Participant: 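Below is the structure I would like to discuss, written out as structure tokens.
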2 protein chains.
Amino acid sequence: MSKYVDLSNDIFDDMPVYPNDRKVRLYQDKFLDKDKYNNHILETGMHAGTHIDGPMHLTDCKSYIGELSLDRFTGRGSLLDVRGEKIITYKEKYEDKVREGDIVLLYTGHSEKYGSEEYYTEQPVIDERLAEFLITKKIKMIGMDLPSPDQYPFDIHKKFFRKGILIIENLRNLSELLYVEEFELLAFPLKIKADSSLCRVVARVLD
Amino acid sequence: MSKYVDLSNDIFDDMPVYPNDRKVRLYQDKFLDKDKYNNHILETGMHAGTHIDGPMHLTDCKSYIGELSLDRFTGRGSLLDVRGEKIITYKEKYEDKVREGDIVLLYTGHSEKYGSEEYYTEQPVIDERLAEFLITKKIKMIGMDLPSPDQYPFDIHKKFFRKGILIIENLRNLSELLYVEEFELLAFPLKIKADSSLCRVVARVLD
């Protein structure tokens with residue numbers, strides 16, 4: 001039996017969002033006793049909570065995230081333990097650990113601050129050297145327990161997008177993958193005509 | 001290499017919704033040239049397009065769909081070809097075809113009418129006998145290329161929910177699974193505090 005690890009944050013009313021992003025609204029509009037069924041309405045941008053940044057977010061790419069090929073959103077996972085690094089950089093040991101087509105997850109531990117102001121103001125960032133290395137390795141996607149791999153003007157973001165590497169932001173529970181031999185990542189975006197998408201991100205731990 | 005079949009309908013502005021449901025709004029609110037990034041806003045109920053009905057939709061269940069165990073949303077897929085049946089009923093040949101823990105998909109062909117009024121007014125429905133059979137078989141989920149397995153007062157819905165079987169509605173492309181030996185279904189809802197959830201539904205065809 002496979003074991004599933006949920007790497008996604010909850011979607012709820014007034015959940016944490018990136019500074020200056022629109023608030024998320026989630027509310028019940030139909031009620032079983034009155035309307036004979038329950039329903040909820042969600043009003044959200046595409047960058048709230050756990051989500052995938054598509055290339056359209058920061059480039060003039062014309063493809064919506066829902067149009068990208070499904071095999072880009074699943075593959076062998078590779079967790080890099082980068083706790084304690086304010087500038088997350090290349091290490092030689094990653095040469096063997098990261099393989100072509102991997103989905104690389106950076107475990108910083110910063111998700112402990114999710115929901116606080118410091119989550120955004122004190123976040124670690126990826127440097128150019130690590131980004132170049134991951135591009136050379138032809139990884140499929142990169143994910144992290146951070147609001148973003150970098151900050152304005154988002155050069156690292158753009159570097160990844162230019163190479164077709166998508167970015168998963170606001171992950172959690174990455175500690176559960178620390179001592180796991182092998183896992184598969186499943187992170188399909190909604191089939192949506194949007195730049196990016198909310199996403200349920202799941203690691204399947206293989207026996 | 002696995003092959004992925006997308007069983008999901010597009011999410012777009014003013015997409016088809018169940019009669020009398022609120023309209024879906026999807027629009028771009030941030031623009032690269034002006035705002036330095038693109039973003040889209042989605043305003044939607046949880047029953048638009050391809051989605052999973054959770055038990056809270058029609059029962060007094062208190063668990064949000066985002067709280068249910070991940071292993072309920074993936075498993076061995078089993079496609080039943082029920083084209084031509086207005087009342088979809090039990091057949092003896094399903095005894096061998098459907099196994100415990102399967103996610104059963106009903107291929108009616110009715111998704112050809114998706115977007116038209118007839119999609120809702122002329123839909124086939126599942127009868128009690130087939131529902132009872134699938135419950136006895138302890139399937140995980142049932143999915144279909146229909147707006148619903150039944151119509152008001154939704155007794156079949158409630159029968160499935162009482163047994164913990166979730167319902168995937170508005171599937172498409174099921175014809176692509178007709179001659180497939182074996183496939184796995186991946187249909188994780190958003191991690192959302194709602195009765196039900198929009199969902200990207202994917203079949204992974206195994207070699």
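No experiment lies behind these values; they were computed from the predicted model shown.
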Participant: Are there over 12 heavy-atom neighbours, none belonging to B/E112, within less than 6.0 Å of that residue's CD?
Facilitator: no
Participant: Between A/L198, A/T74, A/I41, who has the most heavy-atom pairs with chain B when the cutoff is under 4.5 Å?
Facilitator: A/I41
Participant: Can you tell me if A/D35 has over 12 outside heavy atoms packed within less than 6.0 Å of its CG?
Facilitator: yes
Participant: At a 4.5 Å cut-off on heavy atoms, which part of B/D13 comes close to chain A: side chain, backbone, both, or neither?
Facilitator: neither
Participant: What verdict does the side chain to side chain contact (heavy atoms under 4.5 Å, CB included) test give for A/V201 and B/F188, after you've listed the backbone C-alpha separation in whole Å, the side-chain angles of each residue and the deciding distance to 0.1 Å?
Facilitator: CA-CA 9 Å; A/V201 181; B/F188 298 109; over 6 Å; no
Participant: Measure distances from A/Y152 to the heavy atoms of chain B and classify the residue's part below 4.5 Å as side chain, backbone, both or neither.
Facilitator: side chain
Participant: Would you please test A/K36 and B/L58 for side chain to side chain contact (heavy atoms under 4.5 Å, CB included) and show each step?
Facilitator: CA-CA 7 Å; A/K36 300 197 168 73; B/L58 291 172; over 6 Å; no
Participant: To the nearest 0.5 angstrom, please state how far the CG atom of A/D33 sits from the CG atom of B/D60.
Facilitator: 10.5 Å
Participant: Determine whether more than 12 heavy atoms belonging to other residues, nucleotides or ligands lie under 6.0 Å from atom NZ of A/K163.
Facilitator: no
Participant: Please classify the contact of B/P189 with chain A as side chain, backbone, both or neither, using a heavy-atom distance under 4.5 Å.
Facilitator: both
Participant: Side chains of B/F73 and A/V202: closer than 4.5 Å at any heavy-atom pair?
Facilitator: no
Participant: Does B/E122, at its CD atom, have more than 12 non-hydrogen atoms belonging to other residues, nucleotides or ligands within less than 6.0 Å?
Facilitator: yes
Participant: Within a 6.0 Å radius of atom CG on B/D14, are there more than 12 heavy atoms belonging to other residues, nucleotides or ligands?
Facilitator: yes
Participant: Just wondering, are more than 12 heavy atoms of other shown residues or ligands nearer than 6.0 Å to OH in A/Y27?
Facilitator: yes
Participant: Quick check on the interface: out of A/N9, A/D71, A/L190, who has the most heavy-atom pairs with chain B under 4.5 Å?
Facilitator: A/L190
Participant: Relative to chain A, which segment of B/S196 carries a heavy atom at a distance below 4.5 Å: side chain, backbone, both, or neither?
Facilitator: neither
Participant: With a 4.5 Å heavy-atom cut-off, do B/L32 and A/H57 have their side chains touching?
Facilitator: no
Participant: Mark yes when over 12 heavy atoms from residues, nucleotides or ligands other than A/K158 sit less than 6.0 Å from its NZ; otherwise mark no.
Facilitator: yes
Participant: Should A/Y64 and B/D10 count as side-chain neighbours, where that means a heavy-atom distance under 4.5 Å?
Facilitator: no
Participant: Would you say A/N39 and B/M46 make side-chain contact, with heavy atoms under 4.5 Å?
Facilitator: yes
Participant: Using a 4.5 Å cut-off on heavy atoms from C-beta on, say whether the side chain of A/D6 contacts that of B/K191.
Facilitator: yes
Participant: Is the shortest heavy-atom distance from the side chain of B/H47 to the side chain of A/Y37 under 4.5 Å?
Facilitator: no
Participant: Taking the side chain as every heavy atom from C-beta outward, state whether B/E43 and A/T44 have any atom pair closer than 4.5 Å.
Facilitator: no
Participant: Does any backbone or side-chain atom of B/R25 lie under 4.5 Å from a heavy atom of chain A? Answer side chain, backbone, both or neither.
Facilitator: neither
Participant: Is there a side chain to side chain contact (heavy atoms under 4.5 Å, CB included) between A/K193 and B/I11? Walk through the geometry before answering.
Facilitator: CA-CA 6 Å; A/K193 291 185 181 294; B/I11 299 169; over 6 Å; no
Participant: Using a 6.0 Å cut-off, check whether atom NZ of A/K159 has over 12 heavy atoms from anything other than its own residue.
Facilitator: yes
Participant: Nearest 0.5 Å please: distance from the CG atom of A/L70 over to the OG atom of B/S2.
Facilitator: 12.0 Å
Participant: Using side-chain hydrogen bond (donor to acceptor under 3.5 Å, both in side chains) as the criterion, point out the one residue from A/K30, A/H40, A/Q28 that pairs with B/D195.
Facilitator: A/H40
Participant: Need one label for B/L186: side chain, backbone, both or neither, based on atoms under 4.5 Å from any heavy atom in chain A.
Facilitator: side chain
Participant: Please rank B/T59, B/D21, B/T50, B/V5 by heavy-atom pairs under 4.5 Å with chain A and give me the top one.
Facilitator: B/T59
Participant: Please evaluate residues A/I192 and B/L26 with respect to the criterion side chain to side chain contact (heavy atoms under 4.5 Å, CB included), reporting the C-alpha separation (whole Å), side-chain torsions for both, the decisive distance (0.1 Å), and the verdict.
Facilitator: CA-CA 9 Å; A/I192 190 165; B/L26 176 62; 3.7 Å; yes
